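Notes for the one structure printed next.
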Amino acid sequence: MEQNLRAKVVVVTGAAQGIGRAIATALSARGATVLVTDIDDEGGAETIDLIKELGGVASYAHCDVTRSEDMASTMDLAVERLGGLDVLVNNAGYEGDIRPIYDYDDEDFDQVLAITCRSVYLGTKYAGRLMRSLGKGGNIINIASVAGALGLENGVAYAAAKHGVLGITRTAALDLAQDNIRVNAVCPGIIRTRMADAPVAALGGASMAALADQIHPIGRIGEPSEVADLVVWLASDRSVFCTGADFKVDGGYSAR
């Protein structure tokens with residue numbers, strides 16, 4: 001079976017930059033029709049332009065992943081505008097403040113949980129509901145983190161949110177298995193994006209280059225395309241027996 005995604009409609013949240021953009025472009029390159037979503041309309045338009053320059057088919061929708069109505073309407077929009085919903089990639093996230101738990105701001109904690117964890121619950125809920133009604137099965141891929149399995153010094157909100165993402169993934173996989181809807185998680189290590197600045201700071205405040213050996217036994221920082229390649233495999237029919245699992249792409253960090 002090839003990693004051919006032709007005839008598949010995919011929604012990617014938080015796809016205006018970074019890992020989300022890499023995922024959207026990689027899925028498109030394998031033939032998927034992609035609905036790019038974000039609150040950053042300018043960045044979203046740039047992702048669409050990039051996909052179209054590469055010969056892909058994509059559309060953009062403004063979506064605040066913390067709003068139940070936005071997430072529900074986005075899933076419906078995929079069907080109305082693009083003809084279906086085969087894959088959802090819950091990618092949107094926010095790293096939050098960097099400080100020890102005894103100094104952490106309550107409002108920031110709530111915001112991180114809303115953007116990074118509650119959004120995954122909402123996306124999985126409404127995509128799962130719609131996929132069940134369409135009766136064709138489906139595939140939900142949640143972008144978690146190695147911080148979902150480990151502690152993250154000075155990053156209590158982000159670690160809590162990503163632990164929650166893994167819990168949602170495993171539970172939803174059980175709830176949706178009888179409908180042939182698979183739910184898996186991808187757990188990146190430190191990836192070269194703007195969002196990586198905060199967890200790098202939480203790991204000691206050094207530069208990415210200085211921390212490469214400390215963080216990843218493989219000796220370097222990960223690239224967004226390397227996360228995207230794993231998502232492409234999970235979105236394809238080559239992973240049909242995988243559900244309820246978390247796949248690490250962390251250069252060996254979690255193996256220490």
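Here the structure is a predicted model, which is why all the values come from computation and not from measurement. Just so you know, these numbers use all the heavy atoms, side chains as well, and skip hydrogens, waters and symmetry mates.
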Ignoring hydrogens and geometry, is there a side-chain-to-backbone donor-acceptor pair from Thr47 to Gly43 under 3.5 Å?
yes
Item to check | Cationic N near anionic O, under 4.0 Å, Arg99 to Asp105 | outcome: no
Those residues at least two apart in sequence (or on a different chain) that pass side chain to side chain donor-acceptor pair (under 3.5 Å) with Thr243 are none
Sorted by chain and number, sequence neighbours left out, ring-ring contact (aromatic ring centres under 6.0 Å, His included) with Phe109 holds for none
| said: For a quick check under 3.5 Å, do Arg182 and Ser239 share a side-chain donor-acceptor pair by atom type? | reply: yes
On a heavy-atom basis, the closest approach of Ala22 and Ser225 is CB-N, 4.2 Å
query = Any donor-acceptor pair under 3.5 Å linking the side chain of Asp38 with the backbone of Gly44?
reply = no
For atom CD1 of Ile101, is the number of surrounding heavy atoms from other residues, nucleotides or ligands below 6.0 Å larger than 12? no
### Message
Atom CG of residue position Asp106 - does it have more than 12 heavy atoms of other residues, nucleotides or ligands inside 6.0 Å?
### Response
no
What donor-acceptor contacts under 3.5 angstrom involve side-chain atoms of residues 77-92, with partners at least two apart or in another chain?
{"from": "Arg81", "atom 1": "NH1", "to": "Ser59", "atom 2": "OG", "distance (Å)": "2.4"}
{"from": "Arg81", "atom 1": "NH1", "to": "Tyr60", "atom 2": "O", "distance (Å)": "2.8"}
{"from": "Asp86", "atom 1": "OD2", "to": "Val9", "atom 2": "N", "distance (Å)": "2.7"}
{"from": "Asn90", "atom 1": "ND2", "to": "Thr124", "atom 2": "OG1", "distance (Å)": "3.3"}
{"from": "Asn90", "atom 1": "ND2", "to": "Asn142", "atom 2": "OD1", "distance (Å)": "2.8"}
{"from": "Asn91", "atom 1": "ND2", "to": "Thr13", "atom 2": "O", "distance (Å)": "3.1"}
{"from": "Asn91", "atom 1": "ND2", "to": "Gly14", "atom 2": "O", "distance (Å)": "2.9"}

With distance as the sole test, does Asn139 use its side chain to make a donor-acceptor pair with the main-chain N or O of Leu234 at under 3.5 Å?
yes
query = Please walk me through it: do Arg129 and Met75 pass side chain to side chain contact (heavy atoms under 4.5 Å, CB included)?
reply = CA-CA 10 Å; Arg129 180 180 292 177; Met75 305 311 150; over 6 Å; no
(message) Under 4.0 Å between a side-chain nitrogen and a carboxylate oxygen: does that hold for Lys162 and Glu95?
(response) no
Handout entry: Test item: Ser236 side-chain N/O and Trp233 main-chain N/O as donor-acceptor pair under 3.5 Å
Key = yes
Notebook entry, point to check: Are any side-chain N or O atoms of Thr171 and backbone N or O atoms of Ile168, one a donor and one an acceptor, separated by less than 3.5 Å?
Noted result: no
Rounded to the nearest 0.5 Å, the CG atom of Asp97 sits from the CD atom of Glu107 at a distance of 12.0 Å
